Amino acid sequence: MSLTIPVAQMPHASDMTLPAYATPGSAGMDLHAALTADTTIHPGTHAHIPTGIAIALPAGYEAQVRPRSGLAAKHGVTVLNAPGTIDSDYRGEIGVLLVNLGPQPHTVARGDRIAQLVFAPVLNAVWWPVAEVSGAAATDRGDGGFGSTD
Ligand SMILES: O=c1ccn([C@H]2C[C@H](O)[C@@H](COP(=O)(O)OP(=O)(O)OP(=O)(O)O)O2)c(=O)[nH]1
């Protein structure tokens with residue numbers, strides 16, 4: 001299933017290539033760092049990395065900013081708020097909050113692939129207020145949580 005999404009490049013990224021799927025089966029488009037200067041993320045700290053694009057998602061969809069596993073495995077660098085949520089009514093530049101959980105400083109340069117963007121449909125829930133949810137839909141689990149099946 002494909003979705004056509006308006007995308008605009010910010011002035012500081014007009015020479016960059018748009019995010020793209022790395023392979024025909026990739027779930028996410030790689031997002032690139034639209035930095036004007038290298039940014040070093042020191043261990044235990046995070047940085048807001050611009051991607052140079054703004055999008056206009058149709059109502060009923062979201063985009064998720066997810067980590068790249070290669071970056072995490074090699075450098076301990078991941079997305080701080082993973083998965084970041086891009087709302088359908090957001091029109092600003094997409095940013096990526098990268099956190100360095102590794103032992104070494106990590107430098108991000110312009111054009112580096114820093115995260116991936118996955119598009120997904122969103123279900124809009126409507127509350128149906130009831131006195132007790134177990135009355136509305138009883139289950140074997142009931143209110144057992146947090147390891148209750150251990
Ligand atoms: O990784 C992210 C997460 C969010 N956003 C943008 C798009 C999103 O639609 C907006 C708001 O994000 P979110 O709802 O997660 O932020 P909030 O902390 O709840 O703030 P707000 O009060 O702006 O909703 O910020 C990004 O660019 N990157």
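The chain is numbered in sequence order, starting from 1. None of these values were measured; they are calculated from a predicted model.
Among all heavy-atom pairs drawn from Ala33 and Ala109, the shortest one is CB-O, 3.6 Å. The two atoms that bring Pro43 and Gly102 nearest to each other are CB-O, 3.4 Å, heavy atoms only. Here the shortest heavy-atom pairing between Gly28 and Val118 reads CA-CG2, 3.8 Å. Nearest heavy atoms, His32 versus Gly111: ND1-O, 3.1 Å. For the residue pair Pro6 and Thr4, the shortest heavy atom distance occurs at CD-O, 4.0 Å.
With sequence neighbours excluded, the residues that form a side-chain contact (heavy atoms from CB on, under 4.5 Å) with Ala82 are Pro67, Val79. In this structure, the side-chain contact (heavy atoms from CB on, under 4.5 Å) partners of Leu3, at least two apart in sequence or on a different chain, are Ile5, Pro58, Tyr61. Here Asp15 pairs with Arg110 under the salt bridge (charged side-chain N to carboxylate O under 4.0 Å, His left out) rule; sequence neighbours left out.
No chain of hydrophobic side-chain contacts below 4.5 Å, direct or via other Ile, Leu, Val, Met, Phe, Trp or Tyr residues, connects Val122 to Phe119. A single hydrophobic cluster is not seen to contain both Val133 and Phe146; linkage of ILVMFWY side chains at heavy-atom distances under 4.5 Å, directly or through other members, places them apart.
Leu97 belongs to a hydrophobic cluster whose remaining members, ordered by chain and number, are Leu80, Val99, Leu101; membership requires side-chain heavy atoms of ILVMFWY residues under 4.5 Å apart, directly or through intermediates. Hydrophobic cluster membership for Met10: none, as no Ile, Leu, Val, Met, Phe, Trp or Tyr side chain comes under 4.5 Å of it.
Sorted by first and then second residue, the salt bridge (Lys or Arg N to Asp or Glu O under 4.0 Å) pairs with a member in residues 122-147 form an empty list; sequence neighbours excluded. Sequence neighbours left out, the pairs with a member in residues 35-58 that pass side-chain hydrogen bond (donor to acceptor under 3.5 Å, both in side chains) are Thr40-Thr107. Listed by first then second residue, pairs satisfying side-chain hydrogen bond (donor to acceptor under 3.5 Å, both in side chains) with a partner in residues 118-128 number zero, not counting sequence neighbours. Each salt bridge (Lys or Arg N to Asp or Glu O under 4.0 Å) pair with one or both residues in residues 55-69, not counting sequence neighbours, appears once here: Asp30-Arg68. Residue pairs that meet the side-chain hydrogen bond (donor to acceptor under 3.5 Å, both in side chains) test with at least one member in residues 18-29, sequence neighbours left out, are Thr23-Ser26. Sorted by first then second residue, the side-chain hydrogen bond (donor to acceptor under 3.5 Å, both in side chains) pairs that include residues 78-106, not counting sequence neighbours, are His12-Glu93.
Residues Pro83 and Val65 are not in side-chain contact: their nearest non-hydrogen atoms beyond the backbone lie 4.5 Å or more apart. In this structure, Ile53 and Leu31 have side chains that are in contact, with non-hydrogen atoms separated by less than 4.5 Å.
One finds the CG atom of Leu71 at 8.5 Å from the CD1 atom of Ile114 (value rounded to the nearest 0.5 Å). The CD1 atom of Ile55 lies 6.5 Å from the CD1 atom of Ile86; values are rounded to the nearest 0.5 Å.
Side-chain atoms of Gln9 come within 3.5 Å of backbone atoms of Met16 as a donor-acceptor pair (strictly under, hydrogens ignored).
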